[in-house]
K.L.:
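First the structure, then my questions, so here it is.
Keep in mind that this is a model prediction, so the values were computed, not measured. In this chain, residues are counted from 1 in sequence order.
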Amino acid sequence: MNRHPFHIWLMAVMMLTSMAAYGRDDLSTLADSLPERWLYEPETTQEFPTDDQWWRLFGDPLLDSLIAEGERANFNLLKAGRRIAIARQSVAKARSAFWPSLSVSGGWNKIRQSGDENVREGDAVTVDYFSAGVDMQWEIDVFGKVRKDVEMQQASYRASRADYASVSISVCAQIAASYIKLRTLQRQLEVTLDHVEEQRKVMKITEARFDTGLASMLDVSQARTVYYSTLASLSSLRTSVAVTVNALALLTGSMPAEMAGRLSAPAALPEVDMLVPATVPSDLLRRRPDVVAAEEQLAVSAAAVGVAKKDFMPVLSLAGSIGTSAHRLDDLMTRRSMTYTIAPQLSWTIFDGFARRAAVASVKEQMLASIDAYNLTLLTAVQEVDDALISYTNAVAYEQSLHKVTEAAQKAADLSLDRYKQGLDAFINVAQAQITLLQYNNEAVEARGESLTALVNLYKALGGGWAEGR
């Protein structure tokens with residue numbers, strides 16, 4: 001008796017050939033070509049860059065509270081958190097494939113068979129019985145397809161965490177930048193109000209000199225022009241303040257009226273002068289969430305190649321059921337009523353019109369695209385950090401230079417007004433000096449805000465704060 005039929009030997013040979021062509025050796029060769037940072041352990045976690053709370057450097061408790069509220073209630077951040085939860089459940093779903101699926105059933109059946117189905121006429125047969133049982137289906141992960149799918153979902157989960165960190169950094173930076181803009185506008189509003197009061201006094205001087213015959217109506221008209229034009233600019237500033245307050249309300253997930261009440265009182269701009277490094281360590285760039293997300297997406301693509309190649313492997317499944325069936329309900333638990341089936345099965349697709357080959361080629365191209373995306377993300381990070389460093393350095397230099405300009409403009413305004421009172425100069429010099437002084441005072445405030453905003457943008461570009469020796 002032949003105990004080893006030919007078709008069994010043929011199946012074994014084909015299986016070994018397939019494993020040699022598409023097995024783990026080929027996947028390990030692919031993995032060896034990737035940078036070390038692109039190979040991850042399943043349970044690797046990332047510390048969120050915003051954990052360093054870089055905004056506390058500004059020393060403003062209200063800003064601290066606004067960012068804390070934004071981290072709790074910003075809707076873009078909440079959506080990103082939901083995506084993490086979704087990705088976590090996808091990992092759990094992929095892991096469930098390691099286990100068999102069980103189902104229970106029970107019921108009553110009544111069957112009547114026709115007596116005229118046979119050649120000779122006969123009586124109809126009626127059968128009725130009760131049944132109950134447990135069914136099992138299990139695809140055994142002999143060749144690691146389920147494991148590869150779990151790895152892919154875990155990488156996707158880590159990418160969602162990196163995306164959350166990216167949104168978190170963006171939200172914190174937007175809140176800080178909007179808060180600095182608000183304080184800048186409020187300070188400009190205070191400066192403009194001070195100038196309105198000074199210009200009103202000068203206007204009264206010209207009116208008094210006109211009444212005594214010491215000045216012409218032209219002086220009065222010029223003084224009124226300067227005064228009313230400055231007064232008119234207050235409306236635009238107040239509108240900008242209200243719009244910025246509304247933006248902060250949206251970023252923190254609160255109502256505009258509530259936010260306006262909290263931010264109505266002006267406050268000084270933070271006095272922060274940071275010494276930033278001329279160059280940025282590479283580890284700071286690599287912790288940027290978008291860089292981490294690009295790395296994780298590459299890990300997803302690499303795992304997808306493994307999943308696609310596992311389709312060339314046979315599928316070993318095990319089906320079974322155990323139950324009971326009897327005509328009488330009280331006979332269901334007797335030994336003679338017990339039933340069971342065990343059905344192990346090995347299935348193997350040997351030809352599918354080259355669909356699997358195309359699928360593997362497709363995911364390989366996707367992995368190459370992910371490599372390109374990572375390289376582009378890294379270059380973009382370098383550019384953004386370099387731009388932020390340049391912007392901050394130049395903003396600080398511009399702010400410092402404007403201090404000297406405003407001092408000179410203030411002195412020119414005082415001198416021109418004194419000479420006008422003495423009758424030595426025409427009023428047009430006073431008007432021009434007032435306009436110039438207001439312009440440079442506002443520019444000085446704006447420059448301060450821009451230097452602080454540039455520092456915020458630098459923190460955002462670096463993915464958070466940094467410390468010496470970090």
Side-chain angles (χ1 to χ4, degrees), residues 54-60 62-63 66-67 172-199 226 229-245 247-248 251 263 265-278 280 384-414 416 432-462 465:
W54 51 264
W55 52 86
R56 292 189 177 276
L57 175 70
F58 295 115
D60 193 321
L62 183 52
L63 174 60
L66 290 175
I67 291 181
C172 294
Q174 288 178 30
I175 292 175
S178 297
Y179 182 80
I180 291 170
K181 181 181 179 181
L182 174 65
R183 294 313 188 193
T184 300
L185 290 169
Q186 288 177 332
R187 178 56 186 154
Q188 287 180 325
L189 187 60
E190 289 181 332
V191 169
T192 304
L193 286 171
D194 292 340
H195 278 263
V196 165
E197 182 59 26
E198 291 298 322
Q199 291 168 8
V226 172
S229 63
T230 304
L231 193 64
S233 66
L234 294 174
S235 298
S236 177
L237 285 170
R238 290 190 176 106
T239 298
S240 298
V241 167
V243 169
T244 307
V245 169
L248 281 168
L251 288 169
L263 299 175
L269 285 165
E271 295 292 335
V272 180
D273 293 316
M274 282 293 299
L275 296 177
V276 298
V280 177
E384 289 180 354
V385 171
D386 190 49
D387 291 346
L389 282 170
I390 294 172
S391 297
Y392 178 69
T393 302
N394 291 331
V396 171
Y398 179 62
E399 179 191 356
Q400 293 172 349
S401 64
L402 275 179
H403 284 306
K404 299 178 180 179
V405 176
T406 53
E407 290 175 0
Q410 182 66 59
K411 187 173 182 180
D414 294 340
S416 63
Q432 186 61 47
Q434 288 180 326
I435 294 172
T436 302
L437 179 60
L438 175 60
Q439 174 187 346
Y440 284 125
N441 278 338
N442 277 330
E443 285 187 8
V445 175
E446 186 174 357
R448 182 60 185 167
E450 287 178 352
S451 65
L452 293 173
T453 302
L455 183 58
V456 170
N457 291 334
L458 179 58
Y459 284 136
K460 179 181 178 182
L462 290 172

K.L.:
According to side-chain hydrogen bond (donor to acceptor under 3.5 Å, both in side chains), who are the partners of Ser451, at least two apart in sequence or on a separate chain?
P.N.:
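Ser451 satisfies side-chain hydrogen bond (donor to acceptor under 3.5 Å, both in side chains) with Glu399 once adjacent residues are dropped.
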K.L.:
Taking atom types as modelled and ignoring hydrogens, do the side chains of Gln410 and Asp414 form a donor-acceptor contact shorter than 3.5 angstrom?
P.N.:
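Side chains of Gln410 and Asp414: pair found under 3.5 Å.
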K.L.:
Measuring from Thr406:OG1 to Asn442:CG, what's the distance to the nearest 0.5 Å?
P.N.:
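Output value for this atom pair is 11.5 Å.
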K.L.:
To the nearest 0.5 Å, tell me how far Glu198 CD sits from Leu437 CG.
P.N.:
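The distance works out to 9.5 Å.
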K.L.:
Find out whether Ile180 and Arg448 are in side-chain contact, i.e. whether some heavy atom of one side chain is under 4.5 Å from a heavy atom of the other.
P.N.:
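Counting from C-beta outward, Ile180 and Arg448 never come under 4.5 Å.
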K.L.:
Only counting residues at least two apart or in another chain, list the ones meeting side-chain hydrogen bond (donor to acceptor under 3.5 Å, both in side chains) with Asp60.
P.N.:
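Asp60 satisfies side-chain hydrogen bond (donor to acceptor under 3.5 Å, both in side chains) with Tyr179 once adjacent residues are dropped.
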K.L.:
Can you sort out the partners of Thr453 under side-chain hydrogen bond (donor to acceptor under 3.5 Å, both in side chains), two or more places apart, ordered by chain and number?
P.N.:
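Residues passing side-chain hydrogen bond (donor to acceptor under 3.5 Å, both in side chains) with Thr453: none at all.
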K.L.:
State, with a plain yes or no, whether a side-chain heavy atom of His195 is found less than 4.5 Å away from one of Val191.
P.N.:
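Yes, close enough: below the 4.5 Å cut-off.
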K.L.:
Testing the basics here: between Ser178 and Leu248, what is the closest heavy-atom pair and its distance to 0.1 Å?
P.N.:
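Heavy atoms only, the tightest pair is CB-CD2, 3.6 Å.
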K.L.:
Please round to the nearest 0.5 Å and tell me the distance separating atom CG of Leu231 and atom CG of Leu193.
P.N.:
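Between atom CG of Leu231 and atom CG of Leu193 there are 9.0 Å.
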K.L.:
Testing the basics here: between Val456 and Ala177, what is the closest heavy-atom pair and its distance to 0.1 Å?
P.N.:
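What the structure gives for the nearest pair is CG1-N, 4.4 Å.
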K.L.:
What is the distance from atom CG of Leu455 to atom NZ of Lys460, rounded to the nearest 0.5 Å?
P.N.:
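If we round to the nearest 0.5 Å, Leu455:CG and Lys460:NZ are 14.0 Å apart.
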K.L.:
Please list, chain by chain and in numerical order, all residues satisfying salt bridge (Lys or Arg N to Asp or Glu O under 4.0 Å) with Glu190, sequence neighbours excluded.
P.N.:
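Testing Glu190 for salt bridge (Lys or Arg N to Asp or Glu O under 4.0 Å), a comparison that skips the adjacent residues, returns Arg187.
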K.L.:
If you count every heavy atom of other residues, nucleotides or ligands that lies below 6.0 Å from Phe58 atom CZ, does the total exceed 12?
P.N.:
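More than 12 heavy atoms, drawn from other residues, nucleotides or ligands, come within 6.0 Å of this atom.
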K.L.:
Which atom pair, heavy atoms only, marks the closest approach of Cys172 to Ile67?
P.N.:
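Looking at all heavy atoms of both residues, the shortest contact is SG-CG2, 3.6 Å.
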K.L.:
Mind checking what makes salt bridge (Lys or Arg N to Asp or Glu O under 4.0 Å) contact with Glu450, not counting sequence neighbours?
P.N.:
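Glu450 satisfies salt bridge (Lys or Arg N to Asp or Glu O under 4.0 Å) with no residue once adjacent residues are dropped.
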K.L.:
Check Gly449 against Leu269 and note the closest heavy-atom contact, atom names and distance.
P.N.:
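In terms of heavy atoms, the two residues are closest at N-CD1, 4.2 Å.
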K.L.:
Of all the heavy-atom pairs spanning Val445 and Thr184, show the shortest one and how long it is.
P.N.:
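Shortest heavy-atom contact: CG1-O, 3.6 Å.
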K.L.:
Who pairs with Ile390 by side-chain contact (heavy atoms from CB on, under 4.5 Å), at least two apart in sequence or on another chain?
P.N.:
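Only Asp386, Asn394 meet the side-chain contact (heavy atoms from CB on, under 4.5 Å) criterion with Ile390.
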K.L.:
Please tell me if the side chains of Leu57 and Tyr459 come closer than 4.5 Å, counting only heavy atoms from C-beta onward.
P.N.:
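With C-beta onward as the side chain, the pair touches.
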K.L.:
List the residues meeting side-chain contact (heavy atoms from CB on, under 4.5 Å) with Ser240, not counting sequence neighbours, and say none if there are none.
P.N.:
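Ser240 satisfies side-chain contact (heavy atoms from CB on, under 4.5 Å) with Leu185 only.
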K.L.:
For Ile435, what residues pass the side-chain contact (heavy atoms from CB on, under 4.5 Å) criterion, not counting sequence neighbours?
P.N.:
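Partners of Ile435 by the side-chain contact (heavy atoms from CB on, under 4.5 Å) criterion, ordered by chain and then number, come out as Val226.
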K.L.:
Sequence neighbours excluded, which residues qualify as salt bridge (Lys or Arg N to Asp or Glu O under 4.0 Å) partners of Arg56?
P.N.:
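Expected list: Asp64.
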K.L.:
As an exercise, state the distance from CZ of Arg183 to CG of Leu63, rounded to the nearest 0.5 Å.
P.N.:
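If we round to the nearest 0.5 Å, Arg183:CZ and Leu63:CG are 9.5 Å apart.
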K.L.:
Taking the side chain as everything from C-beta on, heavy atoms only, tell me whether Thr192 gets closer than 4.5 Å to Ser233.
P.N.:
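Result yes, sub-4.5 Å side-chain heavy-atom pair found.
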K.L.:
To the nearest 0.5 Å, what is the distance between CD (Glu443) and CD (Gln188)?
P.N.:
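Separation between the atoms: 9.5 Å.
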K.L.:
Tell me the closest heavy-atom pair linking Ala454 and Ala395, and the distance in Å.
P.N.:
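For Ala454 and Ala395, the tightest heavy-atom pair comes out as CB-CB, 4.4 Å.
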K.L.:
Hey, does Leu263 have a side-chain heavy atom less than 4.5 Å from the side chain of Leu62?
P.N.:
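SC-SC contact between Leu62 and Leu263 confirmed.
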K.L.:
Sequence neighbours left out, what passes side-chain contact (heavy atoms from CB on, under 4.5 Å) with Ser416? Give chain and number order.
P.N.:
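For Ser416, the residues satisfying side-chain contact (heavy atoms from CB on, under 4.5 Å) (neighbours in sequence not counted) are Val430, Ala433.
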K.L.:
So, do Leu182 and Gln186 sit near enough that their side-chain heavy atoms are less than 4.5 Å apart?
P.N.:
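Yes, close enough: below the 4.5 Å cut-off.
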K.L.:
Applying side-chain hydrogen bond (donor to acceptor under 3.5 Å, both in side chains), name anything that partners Asp194, two or more places apart in sequence or on another chain.
P.N.:
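Asp194 satisfies side-chain hydrogen bond (donor to acceptor under 3.5 Å, both in side chains) with no other residue.
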